[in-house]
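Excluded from the calculations below are hydrogen atoms, water molecules and symmetry mates; all remaining heavy atoms, backbone and side chain alike, are included. Counting from 1, the numbers follow the sequence of the chain as shown.
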Amino acid sequence: MGGTGFLGVLITAFGLLAFIGSTHAQLQMDFYAKSCPKAEKIISDYVKQHIPNAPSLAASFIRMHFHDCFVRGCDASVLLNSTNGQSPEKNAVPNQTLRGFDFIDRVKSLVEAECPGVVSCADILTLVARDSVVTTGGPFWQVPTGRRDGVISNVTEASNNIPTPFNNFTTLLRLFNNQGLDTNDLVLLSGAHTIGIAHCPSFSRRLYNSTGPGGVDPTLDSEYAANLKANKCRTPNDNTTIVEMDPGSRKTFDLSYYTLLTKRRGLFNSDAALTTNSTSLALINQLLSNPQSFFYAQFAKAMEKMGRINVKTGSEGQIRKQCAFVNS
């Protein structure tokens, strides 16, 4: 997620997407058209009914989908409780603030009632993430289905593979490259932070334990930092306060996140890192110089690409009866 420019990166992305698609031919649009024709409507209807009452879950489900795909591929391993006595992905620090597991379980139960043992938790999570963003007014993207569920969930693998708010650009790009994603994907998928929220521990070291005056990170806008210290994370030990990642625009899936990055107002170190590389900065400026519809279209392509990472299809894995448990 060199000097080829934005178009070159996009062409590379298209090429890789075609390659990924060719290696997983069983992932297809309307995979359940015959085996469970109402599945996608059941999922969409439930999301449309409940997400308007809890719109912040849209960001949570994108994050859950992202964290799932970065560990053993998009196989719903992030939803599992302990497997074979191993501590699961849920227990990894990046996943401890994930929300919405009960929502996924309720959707799964509705789909199971219609078509027992047919629709995977991996597909349900992918569809819920998309439908939640659309319901809150964000971009639509295609979700080919046919993913199957994994049977292993390991806390160490999650800790080693999921990007963190503290990563620099080099580390971020390495973790994205490990999944077959590039700089383009890194910049675009980070754009989901436009509807994100964060807890103070994910960035408070930028306010209290950095090299600038008063412990403030010198790469963080000083006025913004002062505001955060005065009104949000008032002590270095605040573990509960929630902060908008795109203040003033959090409920709108728009370009303002990227505007904030150019003003040194990215909340995480990993946000600020996107402006430290010439290629990623050029991509940010390219997005800001185009209509929002351009961002939506590119974001959609990146989400579709991410949703194909190391998917299990055919006879691989299983179709879990309950998303938190491997079938007995």
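Using a 4.0 Å cut-off between a side-chain N of Lys or Arg and a carboxylate O of Asp or Glu, Lys108 and Glu112 qualify as a salt bridge. Taking a cutoff of 4.0 Å between a charged side-chain nitrogen and a carboxylate oxygen, Asp45 and Lys41 qualify as a salt bridge. Electrostatic pairing of Glu157 and Arg72 counts as a salt bridge here, judged by a charged N lying under 4.0 Å from a carboxylate O.
Side chain of Thr194 to main chain of Phe253: no donor-acceptor pair is present (N/O by atom type, distance under 3.5 Å, no hydrogens or angles). Remark: the backbone N or O of Arg206 is not paired with any side-chain donor or acceptor of Ser210 at under 3.5 angstrom. Side chain of Asp123 to main chain of Gly146: a donor-acceptor pair is present (N/O by atom type, distance under 3.5 Å, no hydrogens or angles). Formation of a donor-acceptor pair under 3.5 Å by the Ser249 side chain with backbone atoms of Asp246 is not found in this model. Side chain of Asp149 to backbone of Cys121: a donor-acceptor contact under 3.5 angstrom is found. Checked by atom type and distance alone, the side chain of Ser289 pairs as donor or acceptor with a backbone atom of Asn285 at under 3.5 Å. Between the side chain of Thr183 and the backbone N or O of Ser280 there is no donor-acceptor pair closer than 3.5 Å. Here the side chain of Arg130 pairs a donor or acceptor atom with the backbone of Trp141 at under 3.5 angstrom. Of the possible donor and acceptor atoms, none in the side chain of Glu244 sits under 3.5 Å from a partner among the backbone N and O of Ile197. No donor-acceptor pair closer than 3.5 Å links the side chain of Arg265 to the backbone N or O of Ala272.
Inspection of the Ser77 and Ser153 side chains reveals no N or O donor paired with an N or O acceptor under 3.5 Å. With 3.5 Å as the limit, one finds a donor-acceptor pair spanning the side chains of Thr241 and Asp238. For Asn167 and Ser270, the side-chain atoms include no donor-acceptor pair closer than 3.5 Å. Residues Ser256 and Asp254 have side chains that bring a donor and an acceptor to within less than 3.5 angstrom of each other.
Looking only at side-chain heavy atoms (C-beta outward), Asp271 and His193 come within less than 4.5 Å of each other. With contacts defined as side-chain heavy-atom distances shorter than 4.5 Å, the pair Ile43/Leu110 does not qualify. Side-chain contact between Arg320 and Leu80 is present, with heavy atoms from C-beta onward closer than 4.5 Å. A heavy-atom distance below 4.5 Å is not found between the side chains of Leu98 and Lys90. In this structure the side chain of Leu267 reaches within 4.5 angstrom of the side chain of Leu228, judged on heavy atoms.
Linking Ile, Leu, Val, Met, Phe, Trp and Tyr residues whenever their side-chain heavy atoms come within less than 4.5 Å places Leu173 and Tyr258 in a single cluster.
Contact record, His67 with Pro94: CE1-O, 3.3 Å, taken as the closest heavy-atom pair. Nearest heavy-atom pair, Ile319 versus Val119, reported as atom, atom and distance to 0.1 Å: CG2-O, 3.5 Å. Nearest heavy-atom pair across Ile309 and Leu181 is CD1-CD1, 3.9 Å. Across all non-hydrogen atoms, the minimal contact from Phe295 to Leu287 is CA-CD2, 4.1 Å. Considering every non-hydrogen atom in both Gly307 and Cys69, the closest pair reads CA-SG, 4.4 Å. When all heavy atoms of Ala273 and Asn168 are compared, the pair lying nearest together is CB-C, 4.0 Å.
Using cut-offs of 30° and 60° for the angle between ring planes, the Phe66 and Phe176 rings count as tilted. The aromatic rings of Tyr46 and Phe103 sit perpendicular to each other, their planes meeting at more than 60°, with 30° as the lower class boundary.
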Would you check, one step at a time, whether the test side-chain hydrogen bond (donor to acceptor under 3.5 Å, both in side chains) holds for Arg250 with Ser56? CA-CA 9 Å; Arg250 181 181 66 82; Ser56 65; 5.2 Å; no
Walk me through it: do Val151 and Gln318 pass the test side-chain contact (heavy atoms from CB on, under 4.5 Å)? CA-CA 8 Å; Val151 297; Gln318 60 182 213; 3.6 Å; yes
Is there a side-chain contact (heavy atoms from CB on, under 4.5 Å) between Asp217 and Phe203 once you walk through the steps? CA-CA 10 Å; Asp217 184 344; Phe203 61 89; over 6 Å; no
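For Glu223, the CD atom is loosely surrounded, since the number of other residues' heavy atoms within 6.0 Å does not exceed 12. In this structure, Lys229 places its NZ atom where more than 12 heavy-atom neighbours from other residues, nucleotides or ligands lie under 6.0 Å away.
Relative to the six-membered ring of Phe166, Arg205 meets both conditions, a distance below 6.0 Å and an angle of at most 45° to the axis.
Checked options Asp68, Thr97, Asn95; the residue passing with Arg63 is Thr97 (criterion: side chain to side chain donor-acceptor pair (under 3.5 Å)).
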